[in-house]
Structures are given as structure tokens and as C-alpha cells.
Trainee: 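Let me begin by handing over the structure; questions about it come next.
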Amino acid sequence: MAFMLRVRLDAASPDVSANAISALSDMAALQTEHRGVITYMFTRPDLATNPNHFEFTEVYANEGAFWAHSSHPDFMAAYVRMFPPGRDPHVTSVTYGYGPGMEGKVRSVCDIVLQKCRYPTASAGFVLSSKDWPAGATDQGNEDGPVALLFRIRAKEEGGAPRVMQIIDDLSKEAGEGVVTCHGSIPEQETAPLDVELVLVCSTNAHVASFI
């Protein structure tokens with residue numbers, strides 16, 4: 001079954017960030033070969049104020065897609081460039097995993113390879129297990145290509161986050177064709193119970209506009 005990974009990563013220095021960008025670009029270039037990799041996106045959301053902070057959103061159709069992606073020789077070479085073995089950690093990260101596909105060996109690997117893995121249960125919406133349009137990059141110059149959006153919503157008062165989650169769940173049930181992922185979560189339910197994340201992946205900008 002489909003599952004989603006959300007990774008927040010902080011590099012130790014600008015040089016490490018530059019190396020990470022190079023490695024991640026090589027990793028991303030391989031994903032169009034794997035139809036089961038539905039979304040594979042990384043960004044630096046606060047480039048001006050925090051250029052060493054990265055965020056990843058990855059959606060896999062199933063465990064097989066995850067293994068095909070992660071065992072590719074070129075991916076493994078890029079990963080070693082980003083996380084050199086036998087050295088002090090260059091980066092710190094927090095990983096959140098969602099979906100029944102996170103069971104078994106995939107979860108075990110994430111626990112070993114990525115730091116501070118968490119698997120929140122407070123979630124709403126859906127992650128589809130297939131994609132029916134040609135793979136493409138989510139870059140700003142591609143007006144007709146797939147679009148991935150991340151919204152962070154802070155409820156004003158206690159009890160507000162569950163209401164936001166219910167709204168997301170209701171919207172997901174009304175989502176039409178072209179909306180691939182509409183997934184809401186409270187990633188830090190114990191320490192930040194008012195903070196909700198919504199991941200929205202659509203096949204085109206038009207589908208985003210119709211959904212919103």
C-alpha cells in the first residue's frame with residue numbers, strides 16, 4: 001500500500017548544503033525511471049534566512065517501489081556522497097512516516113538510516129497508490145506539470161487542530177481526478193498539538209485551482 005515520508009534535514013554548513021543539493025539532484029533524476037515513485041520533492045523553504053534547512057516529501061506506491069528506488073546503484077552512490085560513512089554526522093534530520101505501507105522492513109530501514117523517525121497516527125485524507133500521467137519535474141517553469149504543495153496551519157485554540165483535520169478529511173472525500181495526495185497530519189501531537197501539515201499533490205496547476 002502507498003505511504004509517505006516527510007523529512008526535515010539541517011546541514012551543518014553551506015559546504016554540506018551544496019554537497020547535499022548535488023546529491024539530491026542526482027537522486028531526483030533517477031525517479032522518473034520508477035513509476036511507483038509518485039512524489040519525490042525536496043526544497044529549502046527558508047532559503048534567505050535558513051539556507052541549510054531542507055524538507056523532503058516522498059510518496060511511494062508500495063514497498064517494492066521504495067526498494068527499487070533505494071537500491072539503484074546511482075542512488076546509492078549519491079546517498080554515500082551526502083552521508084559519508086565513518087564520519088561525524090554532517091546533517092541532523094527528523095523523519096515522519098505515514099501509511100500502512102510503512103510497516104515491516106521499510107520502517108526498520110528508516111529507523112536505521114534516518115534520524116529521529118516518528119510515525120504519527122493523527123492523519124486525514126489519502127495518498128493514492130498510482131499515477132496516471134507522465135512523470136515530470138515540479139519546477140516553477142513547468143506550468144502544465146505536476147504540483148506539490150505543503151501548507152502549515154496553526155490552530156488558534158485547543159481543540160482547533162482536530163477541526164482542521166476534519167475539514168481536510170472532508171475536502172479529500174470531494175477531491176476529483178488529478179488530486180494524487182491530500183494528506184493532513186499533526187506531526188508533533190505531544191509537543192505542538194495546534195500545528196497541522198497538509199501535503200497536496202496534483203497532476204497540474206488546474207487541478208490545484210479546482211481543488212482550492
Side-chain angles (χ1 to χ4, degrees), residues 3-34 36-61 63 65-99 102 105-120 127 135-142 145-152 181 183 185 187-188 192 195 197-201:
F3 63 93
M4 178 172 67
L5 293 177
R6 288 271 301 119
V7 183
R8 297 175 181 170
L9 182 149
D10 290 291
S13 69
D15 288 343
V16 175
S17 288
N19 182 61
I21 291 168
S22 173
L24 287 166
S25 295
D26 289 348
M27 293 177 189
L30 299 170
Q31 303 320 311
T32 54
E33 301 177 17
H34 303 291
V37 181
I38 301 169
T39 300
Y40 196 81
M41 183 188 71
F42 64 90
T43 185
R44 291 188 285 175
D46 300 309
L47 186 58
T49 59
N50 193 2
N52 296 326
H53 179 72
F54 294 78
E55 298 206 5
F56 312 156
T57 300
E58 305 173 30
V59 177
Y60 298 94
E63 286 197 8
F66 177 85
W67 296 123
H69 142 83
S70 59
S71 63
H72 192 288
D74 292 340
F75 172 88
M76 296 175 70
Y79 181 87
V80 170
R81 290 207 325 270
M82 188 171 178
F83 299 95
R87 298 186 185 180
D88 292 334
H90 283 65
V91 300
T92 57
S93 65
V94 178
T95 303
Y96 305 91
Y98 304 95
M102 284 297 299
K105 293 181 179 179
V106 171
R107 183 175 290 203
S108 298
V109 167
C110 289
D111 288 337
I112 294 170
V113 175
L114 297 167
Q115 302 174 34
K116 301 178 182 177
C117 292
R118 301 168 188 170
Y119 307 98
V127 177
T138 56
D139 59 74
Q140 293 180 349
N142 186 4
V147 182
L149 301 172
L150 170 66
F151 298 90
R152 290 203 175 108
T181 297
H183 185 272
S185 64
E188 297 285 355
D195 293 347
E197 281 194 355
L198 167 63
V199 175
L200 181 65
V201 181

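Nothing fancy with the numbering, it's 1 onward along the sequence.
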Trainee: Do you know which two heavy atoms are closest between Ser25 and Phe42, and how far apart they sit?
Mentor: N-CZ, 3.9 Å
Trainee: Please examine the side chains of Asn52 and Ser13, heavy atoms only from C-beta on, and report whether any two atoms are closer than 4.5 Å.
Mentor: no
Trainee: Got Val59 and His183 here, is their nearest side-chain heavy-atom distance under 4.5 Å?
Mentor: no
Trainee: Roughly how far, to the nearest 0.5 Å, is CD of Glu58 from CE of Met27?
Mentor: 9.0 Å
Trainee: Rounded to the nearest 0.5 Å, what separation is found between the CZ atom of Phe3 and the CZ atom of Arg107?
Mentor: 10.5 Å
Trainee: Just by modelled atom types, is the Val94 backbone N or O under 3.5 Å from a matching donor or acceptor in the Arg8 side chain?
Mentor: no
Trainee: What distance do Leu150 atom CG and Arg6 atom CZ have between them, rounded to the nearest 0.5 Å?
Mentor: 4.5 Å
Trainee: Below 30° counts as parallel, above 60° as perpendicular, anything between as tilted: where do the rings of His69 and Tyr60 land?
Mentor: tilted
Trainee: Can you find a pair of side-chain heavy atoms, one from Leu5 and one from Phe56, that are under 4.5 Å apart?
Mentor: no
Trainee: For a quick test of reading the model, state the closest non-hydrogen atom pair linking Cys110 to Tyr119 and the distance between them.
Mentor: CB-OH, 3.9 Å
Trainee: For the residue pair Ala20 and Phe54, what are the closest heavy atoms and their distance?
Mentor: CB-CZ, 4.1 Å
Trainee: How long is the straight-line distance from CG of Leu149 back to OG1 of Thr181, given to the nearest 0.5 Å?
Mentor: 11.5 Å
Trainee: Check for a donor-acceptor pair, side chain of Arg118 on one end and backbone N or O of Thr95 on the other, with a separation under 3.5 Å.
Mentor: no
Trainee: Of all the heavy-atom pairs spanning Leu47 and Arg44, show the shortest one and how long it is.
Mentor: CD1-CZ, 3.4 Å
Trainee: Kindly determine whether Asp195 and Arg152 satisfy side-chain contact (heavy atoms from CB on, under 4.5 Å), including the steps that lead there.
Mentor: CA-CA 7 Å; Asp195 293 347; Arg152 290 203 175 108; over 6 Å; no
Trainee: At their closest point, which heavy atom of Val201 faces which heavy atom of Ala148, and how far apart are they?
Mentor: CG2-CB, 4.2 Å
Trainee: For the residue pair Tyr96 / Ser185, report whether a side-chain donor-acceptor contact shorter than 3.5 Å exists.
Mentor: no
Trainee: What salt bridge (charged side-chain N to carboxylate O under 4.0 Å, His left out) pairs are there with at least one residue in residues 20-29, not counting sequence neighbours?
Mentor: Asp26-Arg81
Trainee: Check Ala11 against Ser17 and note the closest heavy-atom contact, atom names and distance.
Mentor: CB-OG, 3.4 Å
